[in-house]
Amino acid sequence: MKIFLDTANLNEITNYKDFIDGVTTNPTILSKQESKNYKNLILKICDLVKGHVSVEVISEKFDDMLKEGQELAKLHKQICVKLPCNYYGLRVSKYLSEDGIATNLTLCFSATQAILAAKCGATYVSPFIGRLDDVGQNGLSLIREICEIYRQYSFETNVLAASVRNSYHVTQAAIAGADVVTVTPKVLQNCMDHNLTKIGVELFNNDWKNRKK
Ligand code: G3P
């Protein structure tokens, strides 16, 4: 399973670069960065990581979205064009993927959207776990359903669990067979922290310091 970092902050990416295989961004994440030179920022992110960097289109209609996706893809070979999982985004994915451009179909909230993303050549589909949980549905069930359907038909699209709010989401997405989990720096930090590890290190080091000499 790959781990992507869900941020556009260069310090955060630098801090966690040893753990991650790629980066995901969205317009909200990019709008929060200090640098307003977005092209430059995206290129710097590509330099920091080896894998895909998802960058989302903001156009809403087919022609504009296709052009924007093609322009984003030209920026750097690691860029994966993030498209909304709707009529236009799915069609644009079909066109871009036929040209060998990687796509990530985002804002996926149903298994049928994920089936269509796979049919349209998406490299990744991003089901949003946390936002489904927020409205009283079960985000992890959706991950399980999509993984099962993709396995059944040998679809090549990668399941990228997104809107991940905690380490339980990470574990359960992994058990379901998600290919990628994208996490915020906070969730990634929580994934490596354990109180018993902290207490154990303190105990070992104290015992060493107080050893008989
Ligand atoms: O990867 C998608 C993610 O950025 C959305 O997360 O927490 O805004 O639902 P959230």
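Atoms within each ligand, like the ligands themselves, are counted from 1 in listed order.
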Measuring only between side-chain heavy atoms, which start at C-beta, is T182 closer than 4.5 Å to L160?
yes
Using the salt bridge (Lys or Arg N to Asp or Glu O under 4.0 Å) rule, take D134 and R165 through it: C-alpha gap first, then chi angles, then the decisive distance, then the call.
CA-CA 11 Å; D134 289 346; R165 300 277 166 79; 3.1 Å; yes
Taking only residues two or more places apart in sequence, or in another chain, which ones meet D63 in a side-chain contact (heavy atoms from CB on, under 4.5 Å)?
none
Between E148 and R144, does at least one N-O distance fall below 4.0 Å, as a salt bridge requires?
no
Contact between K198 and H194 at the side-chain level, heavy atoms closer than 4.5 Å - yes or no?
no
Can you produce the list of protein nitrogen or oxygen atoms under 3.5 Å from a nitrogen or oxygen of ligand 1, alongside each distance?
unit_1	atom_1	unit_2	atom_2	d
ligand 1	1 (O)	D6	OD1	3.3
ligand 1	1 (O)	D6	OD2	3.0
ligand 1	4 (O)	D6	OD2	2.6
ligand 1	4 (O)	N26	ND2	3.1
ligand 1	7 (O)	R165	NE	3.2
ligand 1	7 (O)	R165	NH2	3.4
ligand 1	8 (O)	R131	NH2	2.8
ligand 1	9 (O)	R131	NE	2.7
ligand 1	9 (O)	S163	OG	2.7
ligand 1	9 (O)	R165	NH2	2.9

To the nearest 0.5 Å, atom SG of C108 lies from atom CZ of F128 at 9.5 Å
